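The next block holds one structure in the form of structure tokens; read it before the comments.
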Amino acid sequence: AGKKSAKINIACIAGARPNFIKIAPLINELTKVNQFDVTLIHTGQHYDSTMSDIFFKELNIKKPDVNIISGSGSHAEQTGMIMTGLEKIFTAKRPGLVIVVGDVNSTLSAAMVTSKMVIPLAHVEAGLRSYDKKMPEEVNRIVTDRLSDYLFTPSADANKNLAKEGIDKRKIFFTGNIMIDTLKKFIKGSKPRDILKKYGLKKNEFCLVTMHRPSNVDNIEVLGRLARAIREISNSVKVIFPVHPRTSQKIKEFKLEKYFSTPGILLTEPIGYIETIALTSTAKLVVTDSGGLQEESTYLKVPCLTMRENTERPVTETEGTNTIIGTDTGLLLRKFREIMTGKYKKGRLPKYWDGNTAKRITKILQRKLLQV
Ligand code: UD1
């Protein structure tokens, strides 16, 4: 007796662009309480400096304790490589808890390895469902939630989804949207004026476009249709379109460059977090298929038109500024006109999108793991 036991090791897993934004506030809070040994493992799913390094720099995320060299590949290849890497790491140092965030392939890989090694697993952003299994992320979400011991949900709909699936209520904690923690922290210092100047844009006079879902960009007919609609929008307002590597490959492959070569459209490399939020906060509207941007635009009260058939984040539509458009470019242009003429809905903030999600999660983990 009297000998102080070692701190419980919490392994935080991140691998792809949206993961970095979600893990940052958690690492901060978990470290701050000084009761845990917090490590960060980068699974290597995203590896380009514009897809990974820039987020570490901008968000002040500590250097990963371990990096797995995995990279791109088919779903099985990517998931397999990350699983093999993680199994070795957890065998060398067995964590007391593993935290995964979001719904990317890394999230699923980590959940499966953790669960098979009988290590407790926490999922942040649990319970979201699009009810569309054609989206790889939906499969990742379902399996990860099924395997998790602590499910931290971002919105009330997530709690309902989990209840429907018969998940034990005692495992579910409504803690709010972790993305908003990061957004709230960094939006003030984001210097939109400088960024608008850099790109030659004016506040409220441009549209931010992002697109990377396989269902939109891997199909020549759909991508062509969306490209024409974006071109149409660019006749009324300037368009800035930072192009994800997947999309960039497809635009070249399908020879669609011509739609984007007009003075009204500015194509850029993928941009970092600070520029993204600065542009989102000053845009007239956002046109996207991203999950994160649907939420960020709701928080910033900027109209968002989502080019997907459904969303796993329905509060952005029922309470926020989002409209689900699908790939119906007629509807896209109608909603665009509503926005331009000031007739579009205004939206309000969903519950617990307040910047305190990481704090709530940390308190719960202290209570559960340290019995304080
Ligand atoms: C992944 C996530 C998606 C998330 C998105 C954010 C899955 C199934 N999908 O999609 O949910 O919204 O990240 O960006 O996990 N590539 C590079 N450099 C990189 C990373 C990727 O050039 O650093 C290229 C590669 O050609 C790769 C392709 O982009 O094959 C797709 O990358 P991948 O991680 O498989 O999926 P994303 O489309 O990025």
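Here the structure is a predicted model, which is why all the values come from computation and not from measurement. Counting convention: from 1, in listed order, for ligands and their atoms alike. For reference, positions follow the sequence shown, starting with 1.
Between K284 and E205 no salt bridge is recorded (no basic side-chain N to carboxylate O distance below 4.0 Å). Remark: E165 engages R129 in a salt bridge, criterion side-chain N to carboxylate O under 4.0 Å.
A cation-pi contact, defined as under 6.0 Å to the ring centre and within 45° of the axis, is absent between R17 and F55.
The shortest distance between side-chain heavy atoms of L266 and F206 does not fall below 4.5 Å. Between I233 and L333, the closest side-chain pair of non-hydrogen atoms falls below 4.5 Å.
For the residue pair T39/D65, the side-chain donor-acceptor check at 3.5 Å is not satisfied.
A heavy-atom cutoff of 4.0 Å around ligand 1 is satisfied by the protein residues R17, P18, Q45, H46, Y47, D48, M51, S72, H75, Q78, V104, N105, E137, H212, R213, H244, P245, R246, Q249.
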